[in-house]
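Quick note: residue numbers are just sequence positions, from 1.
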Amino acid sequence: MGDILIRDIDVVDGTGEPRYRGDVVVRGGRIAEIAPPRTAAAADRVIEGENLALAPGFIDMHAHSDLHLLTEPEHLPKLSQGVTTEVIGQDGLSYAPIDDAALAVLRRQIAGWNGNPADLDISWRSVGEYLERLDEGITPNAAYLVPQGTLRLLVVGAERRPATAAETARMCELLAQGLAEGAVGMSSGLTYTPGMYADTAELAALCEVVAAAGGFYAPHTRSYGAGALEAYAEMIGLARATGCALNLTHATMNFGVNRGRAPELLAMVDAALAEGCDISLDTYPYLPGATTLSALLPSWAMSGGPDAALARLADADQRARIALDVDVRGSDGCHGVTVEWETIQISGVTDPGLAGYVGRTVAEIGAAEGVAPVEIFFDLLRRDQLATTVLQHVGHEDNVRAIMRHPRHMGGSDALLVGARPHPRAWGTFPRYLGHYVRELGVLGLEECVNHLTGRPAQRLRLRERGLIRTGYAADLVIFDPATISDTATFEDPKQQARGIAHVLVNGEFALDGGVPTDVRAGRALRMTGGETR
């Protein structure tokens with residue numbers, strides 16, 4: 001493609017500084033020129049900027065597109081939001097590094113996150129090989145986090161026990177290899193098995209490896225409910241002890257026990273920042289969360305992997321013990337609180353015979369069928385082989401707004417892209433920030449919010465010449481209408497393209513043109529090397 005001139009447009013450059021009117025020329029995949037508006041200029045393609053704004057492409061700091069990038073190359077849910085870079089490998093469970101035995105477990109365990117496409121050839125085994133596979137052609141760019149739970153599955157297995165010194169050393173070796181091959185850090189899912197079986201000392205050993213490589217640690221903490229502040233304190237303590245940069249991913253304070261308590265979390269973060277810790281956080285702009293139904297199980301019930309869990313669900317005595325945990329004591333899988341079945345809404349199933357449950361809460365299903373909700377829980381888990389996905393309606397608006405105002409805040413969708421009725425954040429996160437929270441509510445200013453979605457995450461990822469509108473930077477760009485940009489995805493009808501996003505360029509090529517996806521796959525894997533990601 002020849003020169004692209006984006007003419008006489010409001011440039012919101014990603015720094016948080018005031019917008020300005022200008023012309024921007026894209027050439028050879030990069031921003032070639034930024035100049036005051038001209039009356040006329042020659043270019044192979046001219047985009048008129050009247051009533052529009054130009055921003056760096058949005059960076060999704062928490063994506064679950066690990067397989068979707070390959071199986072659905074158009075990647076419309078994220079592309080249509082203006083996302084040009086995603087951070088994948090989240091929550092401690094993904095597909096590299098891997099071996100045959102661990103892959104068989106993972107394909108089943110996280111089918112609710114990523115699907116389990118039978119026709120996808122997962123032939124890679126290392127992080128480097130996975131990144132090479134992404135380089136064959138994806139729509140946005142992607143950066144990868146080495147998943148700590150997968151490391152544990154590879155080395156320790158799915159059992160609930162401490163790692164030996166030798167096993168910890170081996171996990172550190174695999175982590176170092178993944179980082180050397182281009183991963184930008186490490187993730188954990190500390191309410192998901194088997195990653196949750198790691199103690200603080202084991203995590204500290206891994207964080208030291210991440211720190212030495214210049215990466216960051218992105219933990220899903222041990223609790224976002226009862227014990228949330230203690231869980232955050234553990235992660236901040238790791239940052240203090242190891243010097244590892246920390247991103248508190250999908251940082252929130254959920255469930256009734258945490259209503260109005262976001263300031264307590266932010267005070268902890270501010271205190272650590274004042275001591276010199278490198279901490280950031282990301283959130284999605286919605287109240288409900290999304291996960292798998294099996295995540296509500298107590299961790300002991302998942303020990304040994306999916307087959308062991310299903311065997312326990314088939315045993316009456318084991319079911320009674322699980323029921324006591326989820327209904328009376330509080331399950332560690334449900335963040336230490338008892339499950340409130342009226343908040344658990346089915347969003348996706350793999351068994352077609354269960355399709356009638358989608359969109360209904362477990363409490364509603366139980367009432368309609370005249371059985372206890374926990375029995376519906378057991379029935380769904382068994383019939384759908386643990387693959388059911390759910391929405392958890394457990395958030396608080398005051399917490400969401402307080403956290404998104406923090407100066408170290410960034411945007412992350414945490415979007416599961418599978419299921420009949422996924423969380424609307426899969427299609428709406430970034431336009432919701434700019435429409436609902438900027439234009440309608442004024443929680444953030446436009447320039448400030450764009451900084452949250454571009455410049456700040458680029459700094460966290462140590463991206464070289466990306467994330468800002470600067471001469472010489474990669475032309476990852478989004479053109480939108482600030483007066484109309486909005487999310488149209490709803491909980492009832494979530495697969496709806498956002499309004500007000502006209503064009504998206506990835507590495508200088510149109511991936512979305514006039515609101516319509518193209519067949520261009522200009523994205524690639526972004527690799528960390530020498531302290532920079534490029």
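- Not counting sequence neighbours, Arg382 has no partner by the salt bridge (Lys or Arg N to Asp or Glu O under 4.0 Å) test.
- Taking Phe480 as the reference, nothing meets the ring pair (Phe, Tyr, Trp, His ring centres under 6.0 Å) condition, with sequence neighbours excluded.
- Listed by chain and residue number, Glu532 satisfy the salt bridge (Lys or Arg N to Asp or Glu O under 4.0 Å) test with Arg464 (two or more places apart in sequence, or in another chain).
- Scored by the side chain to side chain contact (heavy atoms under 4.5 Å, CB included) test, Arg21 finds Asp8, Asp10, Pro37 as partners (sequence neighbours excluded).
- Checked against ring pair (Phe, Tyr, Trp, His ring centres under 6.0 Å), His220 has the following partners two or more places apart in sequence or in another chain: Tyr192, Tyr224, His250.
- Ring to ring, His452 and Tyr433 are not that close: their centroids are 6.0 angstrom or more apart.
- Under the rule for a side chain to side chain contact (heavy atoms under 4.5 Å, CB included), the partners of Thr350 that lie at least two apart in sequence or sit in another chain are Asp384, Ala387.
- Taking Asp66 as the reference, nothing meets the salt bridge (Lys or Arg N to Asp or Glu O under 4.0 Å) condition, with sequence neighbours excluded.
- One finds the CG atom of Leu145 at 5.0 Å from the CD atom of Gln90 (value rounded to the nearest 0.5 Å).
- Partners of Tyr284 by ring pair (Phe, Tyr, Trp, His ring centres under 6.0 Å), not counting sequence neighbours: none found.
- In this structure, the side chain to side chain contact (heavy atoms under 4.5 Å, CB included) partners of Leu229, at least two apart in sequence or on a different chain, are Met253, Arg261, Glu264, Leu265, Met268.
- Applying the salt bridge (Lys or Arg N to Asp or Glu O under 4.0 Å) test to Asp379 and every residue at least two apart in sequence or in another chain returns Arg383.
- With sequence neighbours excluded, the residues satisfying side chain to side chain contact (heavy atoms under 4.5 Å, CB included) with Asp493 are Thr490, Gln496.
- Side-chain contact check for His62 and Glu86: no donor-acceptor pair (N or O, by modelled atom type) lies under 3.5 Å.
- For Tyr95, the ring pair (Phe, Tyr, Trp, His ring centres under 6.0 Å) criterion is met by no residue, not counting sequence neighbours.
- No side-chain N or O of Asn51 forms a donor-acceptor pair with one of Asp481 less than 3.5 Å apart.
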